[in-house]
Amino acid sequence: MAGTEDGPPDPPDDLDAQWAYLTARLGPLDPGLPAEFTEPGTDDSPGIREATEPTPPRWAASAPAPLGPRDHDGPGPEDDDGDFTAPDPGPVLGAPTRNTLPWAGAVGGPIVVLLMLVLWPGAPPAAYLAAMAVTMAGLLTLWWRLPVHRRDDDDDGAVV
């Protein structure tokens, strides 16, 4: 630390002396560890003795082994489906084609504009106008196809 301008400067810090002072104030560091955590032949130095076969605790000897997810004899009551047959899931790519083209235009138009700006900076203005027209056509088509009325206006919400 620096001294004040009026008084003498502080003596240089002696870190070893400060460390010794702090550790002496802590007291004994051995909180009474069990014998297995001390080195053989010494009582003061904490350590780990040679590895031996661990002995199980007394409670573990009498407890039954816990059952795992595959430890069962057969189908349980939750596995009994009766005559239920799952329906066919249908085609994976069976998106409604009515909205596929407008979404492609609404999303693809700005992507095409960005690609033209990065990869083809000298593109003719008609290409940018065409991409923006495709975007606007897709957005307007999606907006036009939004439902005007809800199908369940008179429903109380208790439909399963």
Side-chain angles (χ1 to χ4, degrees), residues 1-81 84 86 89-96 99-100 102-125 127-132 134-136 138-140 142-143 146-147 150 152 156-160:
M1 288 188 206
T4 60
E5 294 179 18
D6 298 341
D10 289 338
D13 292 335
D14 185 13
L15 295 178
D16 292 332
Q18 289 178 358
W19 180 256
Y21 172 70
L22 288 173
T23 55
R25 285 182 33 199
L26 289 175
L29 295 178
D30 184 19
L33 294 173
E36 63 216 23
F37 292 111
T38 59
E39 292 180 6
T42 62
D43 293 333
D44 296 335
S45 61
I48 299 174
R49 66 179 179 172
E50 294 296 320
T52 60
E53 183 67 30
T55 57
R58 280 179 252 144
W59 59 267
S62 62
L67 296 178
R70 295 183 180 154
D71 295 333
H72 57 82
D73 293 333
E78 68 274 352
D79 293 337
D80 185 22
D81 293 337
F84 175 74
V92 175
L93 297 175
N99 288 336
T100 304
W103 272 111
V107 174
I111 293 174
V112 168
V113 168
L114 286 175
L115 287 175
M116 282 193 301
L117 286 171
V118 173
L119 300 176
W120 191 22
Y128 291 108
L129 288 174
M132 293 313 295
V134 167
T135 301
M136 292 305 295
L139 289 174
L140 288 174
L142 288 173
W143 184 269
L146 280 175
R150 291 179 55 175
D152 56 350
D156 62 355
V159 177
V160 178

Just jot down the side-chain contact (heavy atoms from CB on, under 4.5 Å) partners of Val112, sequence neighbours excluded, or say none.
->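 side-chain contact (heavy atoms from CB on, under 4.5 Å) check on Val112 returns Met116, Ala131.
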Using side-chain contact (heavy atoms from CB on, under 4.5 Å) as the criterion, list what pairs up with Pro125, not counting sequence neighbours.
->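 Scan of Pro125 (side-chain contact (heavy atoms from CB on, under 4.5 Å), adjacent residues dropped) gives none.
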Considering all heavy atoms of both residues, which atom of [X] and which atom of [Y] are nearest to each other, and what is their separation?
X      : Y      : answer
Tyr128 : Trp120 : OH-O, 3.6 Å
Gly105 : Pro110 : O-CD, 4.3 Å
Ala106 : Leu142 : CB-CD1, 4.2 Å

Quick one: which of Val118, Leu117, Leu119 gives a side-chain contact (heavy atoms from CB on, under 4.5 Å) with Leu115?
->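 Single pass found, and it is Leu119.
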